[in-house]
2 protein chains.
Amino acid sequence: MHTIKELLANSTLKTTPQRLVILKEIEKRGHASIEEIYENVKILFPTISLATIYKNINALQEENIITPVCSPKKSRYEITKEPHAHFICKECDKIEDIIFDENIDKIIETKYPNSQKELYIYGVCKECQKG
Amino acid sequence: MHTIKELLANSTLKTTPQRLVILKEIEKRGHASIEEIYENVKILFPTISLATIYKNINALQEENIITPVCSPKKSRYEITKEPHAHFICKECDKIEDIIFDENIDKIIETKYPNSQKELYIYGVCKECQKG
DNA sequence: TTCTGTGCAAATCTTTTGCATGGCA
DNA sequence: TGCCATGCAAAAGATTTGCACAGAA
């Protein structure tokens with residue numbers, strides 16, 4: 001486990017207040033979209049520009065500090081962590097982290113060895129099934 | 001199994017030459033992006049407009065005739081079929097359909113019952129691992 | 001004949017780029 | 001101090017909208 005400051009210090013990127021605030025926002029929300037990051041970072045950092053958000057999102061992805069979580073509706077980003085699975089609701093676009101079942105892990109590892117894998121399950125969440 | 005014509009006939013959408021050609025292109029490629037569809041449909045249908053492609057992609061998704069396949073790089077679409085899994089290469093963005101392992105199916109069904117599920121495995125394909 | 005679909009143009013939204021200035025190491 | 005990062009403005013790219021005409025049912 002690393003702190004956000006350590007993640008930056010161990011990368012080729014410089015530690016700037018903007019980057020710290022962007023990463024804290026992603027960490028706090030679990031999964032954050034560009035607009036969510038921009039709107040919330042602007043509260044603490046009114047002068048920040050959208051271009052800075054985009055540049056940093058790209059740089060942080062290249063350093064593997066954050067990982068895109070893609071849904072059909074909008075892309076979001078999370079702090080890169082151990083392999084885990086996502087459940088994404090097709091209706092409300094909610095993302096839940098789920099335990100990466102070790103049996104599934106074994107099955108996939110057999111077929112796709114040495115693959116840096118991520119598992120996504122797209123479905124309809126319980127709340128939306130009720131509606 | 002349904003033909004493309006039947007898919008349209010059973011929907012609320014009218015059957016037009018443009019829609020048939022768009023769907024045939026998606027079927028032929030397995031997974032097609034907006035630009036791929038546009039570039040190839042234009043050969044048969046030089047007057048087609050990008051707006052028509054977008055409007056139809058949205059309409060066909062609402063009718064559940066096509067399903068988005070999302071990758072971190074670009075969105076693509078496929079004809080809606082029985083649940084199956086995708087392997088998407090993080091490097092070259094290639095998409096492979098893979099058999100939906102019945103053991104994985106059972107594990108997911110236990111945790112997410114009655115969920116219209118899709119399985120995605122993001123990793124690095126064999127070709128890109130060599131490089 | 002009716003009403004949806006098409007195609008064009010314009011509008012809007014999203015993301016990237018260039019450049020002068022500011023700030024971390 | 002040197003070089004990378006920021007922020008602005010503009011450019012480029014992607015997607016949506018409005019409207020008149022064409023075409024499926």
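Order of the sequence lines sets the chain letters (A, B, ...), proteins ahead of strands, with each chain counted from 1.
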Which residues satisfy the side-chain hydrogen bond (donor to acceptor under 3.5 Å, both in side chains) test with A/Glu91, sequence neighbours excluded? none

Per the salt bridge (Lys or Arg N to Asp or Glu O under 4.0 Å) rule, which among B/Arg29, B/Lys42, B/Lys74 passes with B/Glu35? B/Lys74

Between A/Lys90 and B/Glu118 (salt bridge meaning N to carboxylate O under 4.0 Å), is one present in this structure? yes

Atom-to-atom span, CD1 of B/Ile57 to C1' of D/dT16 - whole angstrom: 15 Å

Rounding to an integer number of Å, can you tell me how far A/Ile53 CD1 sits from D/dC8 P? 12 Å

Under a 4.5 Å side-chain heavy-atom rule over Ile, Leu, Val, Met, Phe, Trp and Tyr, are A/Tyr77 and A/Ile48 clustered together? yes

Is any side-chain heavy atom of B/Ile104 closer than 4.5 Å to a side-chain heavy atom of A/Ile108? yes

Distance in Å, A/Ile26 CD1 paired with A/Asn40 CG, rounded so as to fall on 0.5 Å steps: 11.5 Å

Where along residues 64-75 of chain A does a heavy atom fall under 4.0 Å from DNA chain C? none

Please pick, from D/dG7, C/dG7, D/dT15, the nucleotide with the shortest atom-to-atom distance to any side-chain atom of A/Lys55. D/dG7

Regarding the side chain of B/Asn56, the nearest nucleotide among C/dA9, D/dA5, C/dT6 is C/dT6

With a 4.0 Å cut-off on heavy atoms, is A/Thr47 in touch with a base, just the backbone sugar-phosphate, or nothing at all? sugar-phosphate

Hey, is the side chain of A/Gln18 poking within less than 4.0 Å of OP1 or OP2 on C/dG23, counting only N and O atoms? no

Check this for me: does any side-chain nitrogen of one of B/Glu25 and B/Lys28 sit under 4.0 Å from a carboxylate oxygen of the other? yes

What is the separation between atom CG on A/Leu50 and atom C1' on C/dT17, rounded to the nearest whole Å? 14 Å

Of the candidates D/dG7, C/dG7, D/dT16, the side chain of B/Tyr54 sits closest to D/dT16

Joining Ile, Leu, Val, Met, Phe, Trp and Tyr whenever any side-chain heavy atoms lie under 4.5 Å apart, the cluster holding B/Val69 also takes in A/Val69, A/Ile88, A/Ile95, A/Tyr120, A/Tyr122, B/Ile88, B/Ile95, B/Tyr120, B/Tyr122

Here the distance between atom C1' of C/dG5 and atom CG of B/Asn58, to the nearest Å, is 14 Å

Would you list the protein and nucleotides 10-13 of chain C atom pairs, both N or O, that sit under 3.5 Å from each other?
none

Specify the closest pair of heavy atoms between B/Ser71 and B/Arg76, including all atoms of both residues, with the distance to one decimal. OG-NH2, 3.2 Å

Give a yes or no answer on whether the side chain of A/Thr80 reaches the backbone of A/Ile65 with a donor-acceptor pair at less than 3.5 Å. yes

Qualifying residues under ring pair (Phe, Tyr, Trp, His ring centres under 6.0 Å), relative to A/Tyr38, sequence neighbours excluded: none

side-chain hydrogen bond (donor to acceptor under 3.5 Å, both in side chains) involving B/Glu78 - partner list, sequence neighbours excluded: B/His31, B/His84, B/His86

Among residues at least two apart in sequence or on other chains, which ones pass side-chain hydrogen bond (donor to acceptor under 3.5 Å, both in side chains) with A/Glu127? A/Lys94

What is the separation between atom CD on B/Glu62 and atom P on D/dT16, rounded to the nearest whole Å? 11 Å

With a 4.0 Å cutoff (strictly under), does any side-chain N or O of B/Ser49 reach OP1 or OP2 of C/dC8? no

Scan nucleotides 22-25 of chain D against the protein and return all N/O pairs shorter than 3.5 Å with their distances rounded to 0.1 Å.
from   : atom 1 : to      : atom 2 : distance (Å)
D/dA24 : O3'    : B/Thr15 : O      : 3.3
D/dA25 : OP1    : B/Thr15 : N      : 3.4

Do any of residues 34-43 of chain A sit with a heavy atom less than 4.0 Å from DNA chain D, and if so which? none

Those stems involving DNA chain C that have three or more consecutive Watson-Crick or G-U pairs, both distances under 3.5 Å, are C:1-25 with D:1-25

Measure CG/A/Leu20 against P/C/dC24 and give the value in whole Å, please. 10 Å

Electrostatic pair A/Glu109:A/Lys106 at N-O distance under 4.0 angstrom: no

Throw together a table of side-chain donor-acceptor distances under 3.5 angstrom for residues 16-24 of chain A, partners on residues two or more places apart or in other chains.
from    : atom 1 : to      : atom 2 : distance (Å)
A/Thr16 : OG1    : A/Arg19 : N      : 3.2
A/Arg19 : NE     : A/Asn56 : OD1    : 2.7
A/Arg19 : NH1    : A/Lys14 : O      : 2.8
A/Arg19 : NH2    : A/Asn56 : OD1    : 3.2

Hydrophobic cluster identity match, A/Val124 and B/Leu119, side-chain contacts under 4.5 Å: no

State which of C/dC8, D/dG7, C/dT15 makes the closest approach to the side chain of A/Phe45. D/dG7

Hydrophobic side-chain clustering at under 4.5 Å (ILVMFWY, transitive links): who's grouped with B/Ile99? Put none if nobody. none

Over how many whole Å does the gap from A/Arg19 atom CZ to C/dC24 atom C1' extend? 10 Å

